[in-house]
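Computation of the quantities below employed the complete heavy-atom set of this structure, encompassing side-chain atoms and omitting hydrogens, waters and symmetry-equivalent molecules. Heads up: numbering here begins at 1 and tracks the sequence. Because the structure is predicted, anything quoted here is derived from the model rather than measured.
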Amino acid sequence: MEDKKKNTSGKLGKGLGALLGDSQYSVLAANSTARVKADANTNIHIDAIEVNPGQPRVDFDENELNELAQSIKAYGLIQPITVRPIENGRYQIISGERRWRASKLAGLTEIPAFVRSVDEVQSIQMALVENIQRSDLNAIEIAVSYRRLLDECDLSQDELSVKVGKDKTTIVNYLRLLKLSQEVQIAVRDKQISMGHARCIVGIEDFEIQNKMLNEILCKKLSVRETEALAKSISSKIKPQKKTRVKLSDELIHFRTDMSVRFCTQVGITRDTSGKGKITIPFASDEELKQLMKLLSE
């Protein structure tokens, strides 16, 4: 019933060991900077531990927590949680919030913990990578974790692929789920529809149409293949919207002229009816590009 230990053998995508290296993943004494043996337990007062606001997992099943609490009452907390020291003798959870919550329910006053001296960004990265390895995360939680690793931890998709041990195609497919409407994302999260269904729906950009597809899938209990056919049928009927260029205002025309004189090249400005547009600054050689870069930086 209690969380199984993660393999920290150094293989990619296998939890904190993969992220930090086995040599760094050891237990630190709570009141000292000296390292102790990896099989030792450092007990920390449970009230000195607080949750990580960046924790990727937000839903905890109450029944499962109670069952884990009963197990902890009977056998104690077998697997230590992982924390980092913050301030005033307090610690923040990196991984193991479920175990910490269950331990509080079980009435424990102290629990064993691995203490890691890492900064906030490293803590977020560790928590996200560790949580992605869990088998009980839903597809939306995984997608959000991937997005946060890319944005908050400044990882490229190639680096992320190495960190979590997944190929880029898998990562991209998860990230695309975040383009679904809120209703469809909730359906994926609650496992009303599969990721296969969701990948069929995400090809349609209109949220209203996505929601109609969701209702049809649920009402008719469509298979993934049937949903694929439905998506193709809908796509064939959707006419691409033509965006018409709009006339530039006098203010923009003057701005374009000023920029053309300043950069000694014909600056272009285009806009469409949606308000979107672009500014183009052409150059004819490396020398002109360097001059443009100098002017823009100034």
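By the 4.5 Å heavy-atom criterion applied to side chains, R147 and L150 are counted as neighbours. Contact check for T227 versus I193: no side-chain heavy atoms found under the 4.5 Å cut-off. Contact of the W100 side chain with the V83 side chain is not registered, since no non-hydrogen atoms from C-beta on lie closer than 4.5 Å. Residues T265 and I281 have side chains in contact (heavy-atom distance under 4.5 Å, counting atoms from C-beta outward). For the pair V172 and R176, the minimum side-chain heavy-atom distance is below 4.5 Å. Within the 4.5 Å cutoff, no side-chain heavy atoms of Y174 are placed close to those of K166. Counting heavy atoms from C-beta on, the side chains of Q291 and L295 come closer than 4.5 Å. Residues R101 and L68 are not in side-chain contact: their nearest non-hydrogen atoms beyond the backbone lie 4.5 Å or more apart.
Residues satisfying the side chain to side chain donor-acceptor pair (under 3.5 Å) criterion with E216, sequence neighbours excluded, are K220.
Annotation: the span from L292 atom CG to E287 atom CD amounts to 11.0 Å, rounded to 0.5 Å. Between the NZ atom of K290 and the NZ atom of K294 there is a distance of 12.0 Å, given to the nearest 0.5 Å. Separation of atoms CE (M213) and CG (N211) is listed at 11.0 Å; rounding is to 0.5 Å. With rounding to the nearest 0.5 Å, the separation of CG in L222 from SG in C200 is 10.0 Å.
In this structure, S260 and V267 approach most closely via the heavy-atom pair OG-N, 3.0 Å. L252 and I269 make their closest contact through O-CD1, 3.9 Å (heavy atoms, listed as atom of the first residue, atom of the second, distance). The nearest pair of heavy atoms linking G96 to I81 is O-CG2, 3.4 Å.
Using modelled atom types, no side-chain atom of D190 and backbone atom of Q192 make a donor-acceptor pair closer than 3.5 Å. With hydrogens and angles ignored, the 3.5 Å screen pairs a side-chain donor or acceptor of Q210 with a backbone N or O of I204. Judged by distance alone, with hydrogens and angles left aside, the side-chain atoms of S233 form no donor-acceptor pair with the main-chain N or O of A229 at under 3.5 Å.
Residue pairs that meet the salt bridge (charged side-chain N to carboxylate O under 4.0 Å, His left out) test with at least one member in residues 77-91, sequence neighbours left out, are E50-R90.
Within 6.0 Å of CZ in F255 there are 12 or fewer heavy atoms belonging to other residues, nucleotides or ligands.
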What pairs of donor and acceptor atoms, side-chain ones from residues 104-113 against any protein atom, are under 3.5 angstrom apart with sequence neighbours left out?
none

Go through the steps for E183 and I186 under the test side-chain contact (heavy atoms from CB on, under 4.5 Å), then give the verdict.
CA-CA 5 Å; E183 289 84 346; I186 290 171; 5.8 Å; no

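With no hydrogens or angles considered, no side-chain donor-acceptor pair links T257 and H254 at under 3.5 Å.
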